[in-house]
Amino acid sequence: MQTCLITGVTGQDGAYLSQLLLQKGCRVIGMLRRSASADVIGDRLRGLGIINDIELVDGDMMDLSSLIRLIQTYKPDQVYNLAAQSFVAASWNQPLLTGQVTGIGAANVLEAVRIARPEARYYQASSSEMFGKTREPQQNEATLFHPRSPYAVAKLYAHWTTVNYRESFGMHASSGILFNHESPLRGIEFVTRKITDGVARIKLGLAKELSLGNLEAKRDWGHARDYVRAMVLMLEQETPDDYVIATGRTVTVREFCRMAFSHAGLNYEDHVTMSNNFLRPAEVDLLCGDAGKARDRLGWTPTVTLEALIAEMVDADLARHRRSRDQ
Ligand code: NDP
Ligand code: GDP
């Protein structure tokens, strides 16, 4: 039985990845940071009905000793490093924390693996945000990086540290350059979930308007369930490597709005307003991934269309608001 350690287990990807690894018969150790709200913090794992199947253990990305102790104790065969301050917009307000958790935190996990379990296979949650102000209409593993936020800068540090540990110490360290991936478990501050939650509230008469920032930014949005499958495939390879994971289809935030409102029988133009409050100091205008390498080497392709993703998210938010309204 493979033992897998997941940092960021309480996040969107941590929840789906845990579910997948449990289905594969793995022992899943989930690292949890100490919180005064521990009773609500595992909601995603609870929602998937797997919270009692995971061994939740204390640790923090900024506390190297806690990471070393965890790895010494549980001797994981695989380490999935998903923990991060992952919200781009927040990274301008908390650049140093973002650097510590998202950047140095990854180096801490790599150091803990190198010291306590160098034979373990390591996955780094890299991000398409690293491409930032790209000039390429489609981005792949060879595309130049030009990060546009403290988040992306921190992710780039973590990405290159992963590559460097592979090259310096021969570690089985792989980096997944994942494009945006969403689901009903996506954090509510991200634009897709903010939109589907807004659609549900407007449809049920709980709100009239939804205030957004830049509607013209284009993103390549896939489903998180598909993307965690790619993480597992990367660690199953004999040789570690870096892979872009994306759908290859890109649409604007505006088009996402149109599709989400129309799924609920609404016209986004009647409800969406624009606010400068949600504009960013520097924007990433276009992301569109070429996952050809993942398709050829991992046999990975996405299975969920954007239409199906939006329908699942809107329906889940409608159901959630109906439940709390009827309580
Ligand atoms: P989430 O924001 O949903 O989850 C982040 C996780 O990191 C949470 O479990 C959070 O814990 C944990 N965390 C934050 N700070 C610390 C800390 N100091 N110590 C320990 N744990 C900490 O992210 P996603 O699941 O969406 O994404 C997973 C990873 O993939 C992230 O690294 C993200 O940056 C990256 N990524 C995501 C993409 C996406 O589209 N979703 C695209 C590309 C990369 P808590 O619950 O306590 O806050
Ligand atoms: P990101 O790609 O990791 O930054 O994911 P987000 O979901 O946070 O943002 C995706 C895009 O939506 C970015 O270009 C944002 O500028 C844009 N956007 C427009 N309005 C909003 C908003 O109200 N909230 C968020 N989070 N993003 C918005």
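Both counts, for ligands and for their atoms, begin at 1 and track the order of listing. For the single chain, residues carry numbers from 1 onward in sequence order. Since we're looking at a predicted model, the values are computed, not measured.
The Phe87 neighbourhood of ligand 2 comprises atoms 8 (O), 26 (N), with distances under 4.0 Å to a heavy atom of that residue. Per-residue contacts place Asn180 under 4.0 angstrom from the following atoms of ligand 1 (heavy atoms of the residue considered): 40 (O). Using a 4.0 Å cut-off to heavy atoms of Arg186, the atoms of ligand 1 that qualify are 26 (O), 39 (C), 40 (O), 41 (N). Those atoms of ligand 2 that come under 4.0 Å of a heavy atom in Val88, given as number and element, are 3 (O), 4 (O). Those atoms of ligand 2 with a heavy atom of Asn180 less than 4.0 angstrom away are 1 (P), 2 (O), 3 (O), 5 (O). Counting atoms of ligand 1 from 1 in the listed order, those under 4.0 Å from a heavy atom of Met31 are 20 (C). Per-residue contacts place Ala217 under 4.0 angstrom from the following atoms of ligand 2 (heavy atoms of the residue considered): 14 (O). Below 4.0 Å from some heavy atom of Gly213 lie the following atoms of ligand 2, by number and element: 19 (C), 20 (N), 21 (C), 23 (O). Atoms of ligand 2 found under 4.0 Å from any heavy atom of Phe278 (numbered from 1 in listed order, with element): 23 (O).
Residue Gln85 places no N or O, backbone or side chain, under 3.5 Å from any N or O of ligand 1. For a threshold of 3.5 Å applied to N or O pairs, the pair formed by Gly11 and ligand 1 contains at least one separation below that value. The N/O atoms of Arg33, backbone and side chain alike, include one that comes under 3.5 Å of an N/O atom in ligand 1. Every N/O-N/O distance between Thr192 and ligand 2 stays at or above 3.5 Å.
Regarding atom 26 (N) of ligand 2, its nearest protein heavy-atom neighbour is Glu189 O, 2.9 Å. Considering only non-hydrogen protein atoms, atom 25 (O) of ligand 1 sits nearest to Asp13 N, 2.8 Å. Looking from atom 16 (O) of ligand 2 to the surrounding protein, the closest heavy atom is Glu283 OE2, 2.6 Å. Closest protein heavy atom to atom 28 (C) of ligand 2: Val191 CG2, 3.4 Å. Nearest to atom 22 (C) of ligand 2 among the protein's heavy atoms is Lys194 NZ, 3.7 Å. For atom 1 (P) of ligand 1, the closest non-hydrogen atom on the protein side is Ser86 OG, 3.7 Å. In terms of protein heavy-atom proximity, atom 17 (C) of ligand 2 is closest to Asn214 O, 3.8 Å. Ranking the protein heavy atoms by distance from atom 1 (P) of ligand 2 puts Glu129 OE2, 3.4 Å first. When hydrogens are left out, the protein atom nearest atom 43 (C) of ligand 1 is Leu178 O, 3.2 Å; that is the closest non-hydrogen contact. Ranking the protein heavy atoms by distance from atom 19 (N) of ligand 1 puts Met61 N, 3.1 Å first. Of the protein's non-hydrogen atoms, the one nearest atom 13 (C) of ligand 2 is Arg219 NH2, 3.5 Å. Looking from atom 40 (O) of ligand 1 to the surrounding protein, the closest heavy atom is His181 N, 2.8 Å. Ranking the protein heavy atoms by distance from atom 6 (C) of ligand 1 puts Gly8 CA, 3.6 Å first. Nearest protein neighbour of atom 8 (O) of ligand 2, counting heavy atoms only, is Arg280 NH2, 2.8 Å. Looking only at protein heavy atoms, the nearest one to atom 31 (C) of ligand 1 is Leu82 O, 3.0 Å. Nearest protein heavy-atom contact of atom 8 (C) of ligand 1 is Thr10 OG1, 3.5 Å.
Under a 4.0 angstrom heavy-atom cut-off, Asp60 registers as being in contact with ligand 1. Not a single heavy atom of Glu129 sits closer than 4.0 Å to an atom of ligand 1. The shortest separation from a heavy atom of Ala15 to ligand 1 is not under 4.0 Å, leaving the residue out of contact. Residue contact check for ligand 1: Gln100 places no non-hydrogen atom closer than 4.0 Å to it. In this structure, Tyr151 has a heavy atom closer than 4.0 Å to ligand 1.
Salt bridge annotation for Glu141-Arg297: absent, with no cationic side-chain nitrogen under 4.0 angstrom from a carboxylate oxygen. Taking the charged nitrogens against the carboxylate oxygens, Asp317 and Arg193 do have a contact shorter than 4.0 Å, which makes a salt bridge. Salt bridge annotation for Arg322-Asp326: absent, with no cationic side-chain nitrogen under 4.0 angstrom from a carboxylate oxygen. Between Glu119 and Arg114, none of the side-chain N atoms (NZ, or NE/NH1/NH2) sits under 4.0 Å from a carboxylate O, so this pair counts as no salt bridge. By the 4.0 Å N-to-carboxylate-O rule, Arg186 lies too far from Asp13 to be salt-bridged with it. Arg117 and Asp77 are joined by a salt bridge, as a carboxylate oxygen and a charged side-chain nitrogen come within less than 4.0 angstrom of each other. Using a 4.0 Å cut-off between charged side-chain N and carboxylate O, Asp241 and Lys293 make a salt bridge.
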- Task: List the steps and the verdict of salt bridge (Lys or Arg N to Asp or Glu O under 4.0 Å) for Arg225 and Glu312.
- Result: CA-CA 12 Å; Arg225 257 187 221 286; Glu312 184 183 335; 5.1 Å; no
- Going through the checks in order, is the salt bridge (Lys or Arg N to Asp or Glu O under 4.0 Å) test met by Glu283 and Arg148? CA-CA 7 Å; Glu283 180 60 284; Arg148 292 276 277 172; over 6 Å; no
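If you look at Phe190 and Phe87, their ring centroids are closer than 6.0 Å.
At a 4.0 Å heavy-atom cut-off, ligand 2 touches Phe190 through backbone and side chain alike. At a heavy-atom cutoff of 4.0 Å, ligand 1 is contacted by no atom of Ser35, backbone or side chain. Residue Thr7 does not touch ligand 1, judged by heavy-atom distances below 4.0 Å. Proximity of Val253 to ligand 2, defined as any heavy-atom pair under 4.0 Å, is confined to the side chain (atoms from C-beta onward).
Screening Arg280, Arg219, Lys155 against Glu129 for a salt bridge (Lys or Arg N to Asp or Glu O under 4.0 Å) leaves a single residue, Arg219. With Arg166 as the partner, the side-chain hydrogen bond (donor to acceptor under 3.5 Å, both in side chains) test is satisfied by one option alone out of Asp242, Thr239, Thr161: Asp242. With respect to Asn81, the side-chain hydrogen bond (donor to acceptor under 3.5 Å, both in side chains) criterion is satisfied by exactly one of Thr162, Thr7, Asn108: Thr7.
Closest heavy-atom approach to atom 14 (C) of ligand 1 within the set Ala84, Ser66, Ala83: this belongs to Ala84.
Two residues are said to be in side-chain contact when any heavy atoms from C-beta on lie closer than 4.5 Å; Met274 and Leu279 meet this criterion. In this structure, Thr102 and Ser86 have side chains that are not in contact, with every pair of non-hydrogen atoms separated by 4.5 Å or more. Side chains of His223 and Glu182 form no contact here, defined as non-hydrogen atoms less than 4.5 Å apart.
With no hydrogens or angles considered, no side-chain donor-acceptor pair links Gln139 and Ser128 at under 3.5 Å. There is a side-chain donor-acceptor pair under 3.5 Å between Tyr165 and Glu111.
Taken together through direct or relayed side-chain contacts under 4.5 Å among Ile, Leu, Val, Met, Phe, Trp and Tyr, Ile71 and Met31 form part of one hydrophobic cluster.
Taking the six-membered ring where tryptophan is involved, the planes of Tyr123 and Tyr80 are tilted, since the angle between them lies from 30° to 60°.
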